[in-house]
Every structure is written in C-alpha cells, then in structure tokens.
Amino acid sequence: MIMAQIIGGIGTTHVPAIGKAIAEKKHDDPYWKPFFKGFDFVHYWLARTKPDVAVVFYNDHGLNFFLDKLPTFAIGAANEYGSEDEGWGIPVSRPVPGDAALSWHLINALVADEFDLTMCQEMLIDHAVTIPMALIWPGPSWPVRIVPIEINTVQHPLPTLARCFKLGRAIGRALESYQHDLRVVVVGTGGLSHQLDGARAGFINKPFDELCLDKIVGEPEALTRYSIHEWVEQSGSQGVEFLNWMAMRGAMTGRVSELNRNYHIPISNTAAATVVYDNQKAAERKAA
Ligand SMILES: [Fe+2]
C-alpha cells in the first residue's frame with residue numbers, strides 16, 4: 001500500500017538577524033560564514049532525498065497569536081501561508097504553499113489520538129518558519145508544501161518536553177497512516193541556548209547544548225526528564241524553543257541517526273545549531 005514516508009528531520013535556529021544577513025547576501029562575511037556553511041550538507045541531502053512536504057514545528061512570536069490568545073498547540077490547515085513579519089529589518093517572505101488535505105488528515109488523527117490542536121484555516125507564519133525555509137531551500141521558489149505546527153514557548157505555563165515529544169510521536173503515527181505517496185521531512189526550529197532579557201541576557205550554555213544534541217538522537221527520553229524551569233536554568237529563557245526540536249524528534253518513529261551537525265556561537269546572542277537526521281524504518285533496514 002502506498003503510504004507517506006518520513007525521510008528524516010532538520011533542526012535549525014531561526015534568529016531574525018539571519019533574515020537580514022540573507023537579504024544583504026552576507027553568506028561569506030567572516031561573522032556569518034561558519035553558520036551558513038552548516039547548510040551545505042542540508043542542501044546536499046535534500047537534493048538527494050527530495051521531500052514533497054515539510055512539517056514544521058515552530059513557535060509564533062506575536063504575529064499570528066498574541067499573549068491574549070495563545071494556543072499551546074496549533075496547526076495550519078491552509079493551501080498557502082502568508083507572512084507579515086517585518087521586524088528586525090527582514091524583508092517580508094513570499095507566501096509558502098501549504099497542503100490542506102494533509103493538515104486535515106493530521107488534525108483528524110491527532111484529535112482521535114487525544115491531542116486537541118487549534119485548527120487554523122488562515123495562518124500567518126513568522127520568522128520562525130520563513131527563515132528556516134529560506135535557509136533550507138534558498139532557491140527562487142519553494143520545492144515543498146508545508147504544514148506548520150505552532151508550539152507555545154512564549155507564555156508560561158509551557159507544555160513539557162515530554163508532552164512535545166508525545167505530540168511529535170502522534171504526528172509521526174498520523175503521517176505514516178496517510179495513504180499518499182509523499183516524502184515528508186520534519187523540521188524543528190529555534191534555540192539552542194539563549195536568553196534575551198533580564199539579568200542573564202546573553203546567556204549561552206555550550207556544554208548543555210552539546211548534551212542536548214548528543215541525547216536527542218538516540219536517547220530523547222532522557223531530555224524529557226527536565227522540567228521547564230530546569231530547562232530555563234540550563235538553556236536560558238528562550239532556550240525553551242528546544243520544545244520544537246523535541247516534537248521534530250518525536251515525529252521520527254524509525255531508527256534515527258545524525259547525518260550532520262553544525263554548532264556555532266554566537267549568532268546574534270544565540271547558540272546556533274543546524275542538524276540533519278536520517279529516519280529509517282525497520283522494513284527499509286531489512287530491504288537494504
Ligand atoms: Fe524565536
């Protein structure tokens with residue numbers, strides 16, 4: 001039977017300053033080069049694997065949701081996502097095509113699986129989607145459709161790491177029950193350690209970031225033992241964007257291996273990580 005296939009995952013930071021650097025073509029600037037070089041492997045891998053769809057776990061920064069109404073989890077169900085994210089000198093992104101039919105499959109499967117997502121038939125995407133898209137697919141047109149899934153990393157109480165991992169698991173199961181010939185890549189954006197405000201503004205924790213990048217591949221459950229407050233202590237108040245990475249990792253239900261990792265400090269005041277994971281199902285391993 002023809003089913004959708006989750007080919008792997010990509011994790012990347014989404015710092016707004018990257019959008020300005022892309023617009024100003026600073027790829028070879030000494031400050032930016034070590035960061036942008038981290039995407040060479042991403043482009044190489046995508047040229048070989050050619051996904052049709054990207055499921056993007058991200059957090060909205062006040063463009064589509066504000067503090068007055070902020071869902072813990074929300075999903076786009078549109079055939080196109082516009083952006084009006086004009087802060088930090090970023091040019092407004094061209095719209096990104098969606099896959100409403102797949103979105104509705106995921107919504108139906110997830111609600112049946114006891115994950116009650118806010119359904120958005122109209123949704124604006126901010127830099128947490130558009131910058132990763134521009135980094136991952138830098139060409140003049142988007143070669144993939146997206147399903148954006150928002151996770152609240154902004155207003156406490158936040159969902160736990162365990163909950164976001166389970167959300168990813170439910171998305172993974174739902175994707176693999178979709179009877180269409182689709183190749184899917186899952187993307188988690190944000191992080192890693194950073195703190196924008198308060199006495200610890202500028203806080204970065206390289207040893208903890210490295211521990212996260214090590215554990216998330218083969219032992220993601222080990223990371224789910226941290227409480228949100230412990231995570232803020234270790235990773236900074238905006239380091240909780242790692243929740244998006246936990247969901248991305250959860251969505252990969254096969255044998256996961258790290259194909260590439262780039263870790264660079266700092267981009268703006270953030271520890272920037274770029275990773276590519278392979279997701280291989282048991283049946284494929286047997287056939288190989
Ligand atoms: Fe962010």
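Just follow the structure's listing: the first ligand is 1, and inside any ligand the first atom is 1. Side-chain atoms are counted along with the backbone in the values below, which use heavy atoms only and exclude waters and symmetry mates. Fair warning: this is a prediction, and the values are worked out from it, not measured in the lab.
Annotation: W45 is not in aromatic contact with Y277 [ring centroid separation under 6.0 Å not met]. Proximity of the aromatic rings of F36 and H27 is defined here by a centroid distance below 6.0 angstrom, and this criterion is met. Between F208 and Y226, a ring centre-to-centre spacing shorter than 6.0 Å is recorded.
Legend: protein N/O/S atoms lying under 2.8 Å from the Fe ion (ligand 1), waters omitted, number 3.
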Run the side-chain contact (heavy atoms from CB on, under 4.5 Å) check on F203 and Q238 step by step: do they pass?
CA-CA 10 Å; F203 175 79; Q238 279 73 42; over 6 Å; no
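R163 forms a cation-pi arrangement with F115, by the criterion of a distance under 6.0 Å to the ring centre and an angle within 45° of the ring axis.
Applying the salt bridge (charged side-chain N to carboxylate O under 4.0 Å, His left out) test to every pair with at least one member in residues 71-83, sequence neighbours left out, gives no pairs at all.
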